[in-house]
Amino acid sequence: MISLPQLVVVALLPFALAAPQPDAGVIHVPIVKRSQTDRVANLPKAIEALRTKYGYQHINVKRGNTATIPITDEENDSSYSAVVSIGTPPQSFDVVLDTGSSDLWVATSSCTYCESPNSCTNCASTQFTTSKSSTFESSSSSLQITYGSGAVQGDPAKDTVTFGGFTVTQQEFLAVSEITSGLLDSVLSGIMGLGFNTISALNATPFWQALYNANQLSQPLFSFYLERYINDASMDTAPGGTLTLGGTNSSLYQGSIEYLSLAGSPSYWLLNVNSLSVQGKTVSVGSSSLAAIDTGTTLIAAPSAVTTDIWAAVPGSIALTGSYAGLYAYPCSTNVTVTISFGGSAWTIDPADMNIGTVSGSVSGTTSEMCAGGIFDIGTSIGSGSNVPTWVIGDTFLKNVYSVFRAEPAAVGFAQLSSGASTTTSGSSSPNPSSTATSSSSPLLGAASTNMNIAIPLTLLASVAAFFTLLL
């Protein structure tokens with residue numbers, strides 16, 4: 001005979017099994033960040049790289065779980081990287097996480113870059129030794145991908161790739177044997193593209209999309225929380241936040257996630273810029289408002305006419321010239337407050353993220369202390385076609401929100417950072433404030449803060465000079 005206690009247990013068992021489990025099947029990947037000693041000096045190269053990446057110049061070439069992946073902040077917010085393992089047995093590499101491109105590539109042990117015919121060195125401190133992987137397969141063909149600040153060349157290959165606890169066998173990537181000098185910081189080994197397969201130079205399925213297609217993700221999305229160290233003392237690396245594959249991390253944001261459907265068919269993660277304000281004044285976004293949401297780009301790139309109007313709203317700002325053409329500088333004592341909307345809430349960019357660093361008098365042509373701004377002029381033509389962005393929204397904005405990239409239905413989502421995510425960074429920096437979301441019809445307002453860094457890769461990263469994230 002079954003006792004009364006046993007009957008109670010049996011009766012309650014279905015309810016216990018049905019209870020939701022926190023973060024089931026979600027993996028959070030920490031991001032790491034590295035610092036750079038002179039961010040401003042590398043701005044011209046970074047900007048030129050981004051323009052080339054999006055077609056301003058001619059480019060030759062070319063459901064089950066969740067994981068939280070730690071991210072590294074590279075050189076004071078220049079880019080954000082994480083560790084990927086390739087091969088059997090696995091070899092681990094730091095790669096830039098780039099939603100503005102779709103290919104995975106790593107430098108191999110045979111990779112060199114040459115500043116001159118007689119001056120060559122290894123491409124990265126950690127390189128993939130293909131001969132040590134029993135599962136490595138390489139094609140006989142060669143592929144070159146050209147970026148704004150250089151190029152990579154190598155052989156299309158396949159091998160077992162593991163990232164955040166997920167594994168894809170026969171993952172396609174580029175085994176790079178040659179890199180242009182200055183394209184990649186020596187501590188990094190490559191780039192992991194997080195865009196859609198339609199913009200892959202390898203015509204390959206990106207790692208995240210392969211997981212989605214194989215129903216390995218709890219949800220058809222991934223999400224980012226990016227730390228801020230822009231106004232800290234120069235550093236090589238620091239804990240940079242997290243990338244969550246297959247879900248979101250509810251401890252990092254508050255309120256609901258506001259999803260905005262992609263503008264056009266999936267390629268880049270594209271949204272339309274709906275409204276913009278600077279110093280509390282509305283600035284027209286013009287008729288060309290298609291924007292790529294790009295974790296691999298440090299700054300924000302805008303069309304020429306819009307950029308002129310943005311900086312016209314900041315007293316004392318000036319357009320820089322020469323190799324710095326496209327960039328603007330403003331009095332360092334000014335807090336530049338920018339609010340931007342993509343059709344839903346209006347999000348405020350912290351003034352710290354608008355300040356890339358001090359510009360020398362020889363560059364600004366003035367004796368006043370001037371700082372380079374986080375929004376620059378990408379030009380009037382960055383390619384043709386229905387899915388070619390005229391804006392690039394990089395980490396200058398993305399550090400201020402919790403961002404979600406969803407495959408089905410295709411959308412990008414933003415949420416206000418939680419107070420717990422608004423941690424104080426080391427050094428003399430101010431707290432990383434949570435972004436504020438307001439009705440898009442409300443005035444666009446800003447807050448306070450200090451100094452920031454710049455990089456610019458959209459699709460790929462690369463080191464714009466010493467490391468501004470670059471593009472693919």
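Numbering of residues begins at 1 and proceeds along the displayed sequence.
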Engineer: What is the distance from atom CD1 of Ile356 to atom SG of Cys371, rounded to the nearest 0.5 Å?
Structural biologist: 9.5 Å
Engineer: Heavy atoms, side chains only, cut-off 4.5 Å: are Phe166 and Val161 in contact?
Structural biologist: no
Engineer: Taking all heavy atoms of Thr337 and all of Gln279, pick out the closest pair and write down the distance.
Structural biologist: N-OE1, 2.6 Å
Engineer: So, does Thr308 use its side chain to make a donor-acceptor pair with the main chain of Ser304 at under 3.5 Å?
Structural biologist: yes
Engineer: Taking the side chain as C-beta and beyond, is there a heavy-atom pair between Val95 and Ser81 under 4.5 Å?
Structural biologist: no
Engineer: Any side-chain heavy-atom pair from Val412 and Val404 closer than 4.5 angstrom?
Structural biologist: no
Engineer: Keeping Ser284 on the side-chain end and Gly286 on the backbone end, is there a donor-acceptor pair under 3.5 Å?
Structural biologist: yes
Engineer: Between the side chain of Thr390 and the main-chain N/O of Ser288, is any donor-acceptor distance below 3.5 Å?
Structural biologist: yes
Engineer: Within a strict 4.5 Å, meaning less than it, do heavy atoms of the Tyr253 and Val401 side chains meet?
Structural biologist: no
Engineer: Report the C-alpha separation of Gln254 and Ser418 in whole Å, then their side-chain angles, then the decisive distance to 0.1 Å, and conclude whether the side chain to side chain donor-acceptor pair (under 3.5 Å) test is met.
Structural biologist: CA-CA 5 Å; Gln254 53 188 304; Ser418 66; 5.9 Å; no
Engineer: Can you list the steps and then say if Leu174 with Asp103 is a side-chain contact (heavy atoms from CB on, under 4.5 Å)?
Structural biologist: CA-CA 8 Å; Leu174 189 66; Asp103 292 301; over 6 Å; no
Engineer: Nearest heavy-atom pair of Lys399 and Glu227: which atoms, and what distance?
Structural biologist: CD-O, 3.6 Å
Engineer: First locate atom CD1 of Ile293, then atom CH2 of Trp391, and finally report the distance between them rounded to the nearest 0.5 Å.
Structural biologist: 10.5 Å
Engineer: Please report whether the ring centroid of Phe222 lies less than 6.0 Å from that of Trp269.
Structural biologist: yes
Engineer: Would you indicate whether the side-chain heavy atoms of Leu97 and Leu194 approach each other to under 4.5 Å?
Structural biologist: yes
Engineer: Is there a side-chain contact (heavy atoms from CB on, under 4.5 Å) between Ile257 and Phe414? Walk through the geometry before answering.
Structural biologist: CA-CA 5 Å; Ile257 297 170; Phe414 301 121; over 6 Å; no
Engineer: Are Phe93 and Ile86 packed together at the side-chain level, in the sense that at least one heavy-atom pair is separated by less than 4.5 angstrom?
Structural biologist: yes
Engineer: Can you tell me how far the OG1 atom of Thr99 sits from the CD1 atom of Ile393, to the nearest 0.5 Å?
Structural biologist: 11.5 Å
Engineer: Quick check for you: to the nearest 0.5 Å, what is the distance between Cys332 atom SG and Met370 atom CE?
Structural biologist: 7.5 Å
Engineer: If I take atom CG from residue Leu217 and atom OH from residue Tyr212, how far apart are they, to the nearest 0.5 angstrom?
Structural biologist: 9.5 Å
Engineer: Using side-chain heavy atoms (C-beta onward) and a distance below 4.5 Å, is Tyr402 in contact with Asn249?
Structural biologist: yes
Engineer: Test Ser267 against Thr198 for side chain to side chain donor-acceptor pair (under 3.5 Å), laying out the working first.
Structural biologist: CA-CA 5 Å; Ser267 55; Thr198 51; 5.0 Å; no
Engineer: Would you say Trp311's side chain and Leu327's backbone share a donor-acceptor pair under 3.5 angstrom?
Structural biologist: no
Engineer: Are Phe376 and Val392 packed together at the side-chain level, in the sense that at least one heavy-atom pair is separated by less than 4.5 angstrom?
Structural biologist: no
Engineer: After noting the C-alpha distance and the side-chain angles of Asn197 and Thr205, does the key distance pass the side chain to side chain donor-acceptor pair (under 3.5 Å) rule?
Structural biologist: CA-CA 5 Å; Asn197 63 307; Thr205 300; 5.2 Å; no
Engineer: Would you check if the side chain of Asp377 reaches a backbone N or O of Gly379 as a donor-acceptor pair within less than 3.5 Å?
Structural biologist: yes
Engineer: Please determine which of Trp208, Tyr268, Phe405 meets the ring pair (Phe, Tyr, Trp, His ring centres under 6.0 Å) test together with Phe196.
Structural biologist: Trp208
Engineer: Side chain to side chain donor-acceptor pair (under 3.5 Å), that's the test. Do Thr162 and Thr167 meet it? Break it down for me.
Structural biologist: CA-CA 4 Å; Thr162 299; Thr167 297; 2.9 Å; yes
Engineer: Ignoring hydrogens and geometry, is there a side-chain-to-backbone donor-acceptor pair from Ser275 to Ile340 under 3.5 Å?
Structural biologist: no
Engineer: Please find the pair of heavy atoms, one from Gly374 and one from Thr396, that lie closest to each other, and give the distance.
Structural biologist: O-OG1, 3.9 Å
Engineer: Is it true that Asp94 and Ser189 share a donor-acceptor pair across their side chains at a distance under 3.5 Å?
Structural biologist: no
Engineer: Apply the test side-chain contact (heavy atoms from CB on, under 4.5 Å) to residues Tyr328 and Thr307: give CA-CA distance (whole Å), side-chain angles for both, the deciding distance (0.1 Å), then the verdict.
Structural biologist: CA-CA 9 Å; Tyr328 283 74; Thr307 306; 3.6 Å; yes
Engineer: Which is it for Phe342 and Glu258 under the side-chain contact (heavy atoms from CB on, under 4.5 Å) test, yes or no, and what are the steps along the way?
Structural biologist: CA-CA 10 Å; Phe342 301 95; Glu258 180 178 82; over 6 Å; no
Engineer: For the pair Thr244 (side chain) and Thr248 (backbone), establish whether a donor and an acceptor sit closer than 3.5 Å, ignoring hydrogens and angles.
Structural biologist: no
Engineer: Do Ser85 and Ser92 have side-chain N/O donor and acceptor atoms under 3.5 Å apart?
Structural biologist: yes
Engineer: Hey, what do you get for CG (Asp159) to CD (Gln171), rounding to the nearest 0.5 Å?
Structural biologist: 10.0 Å
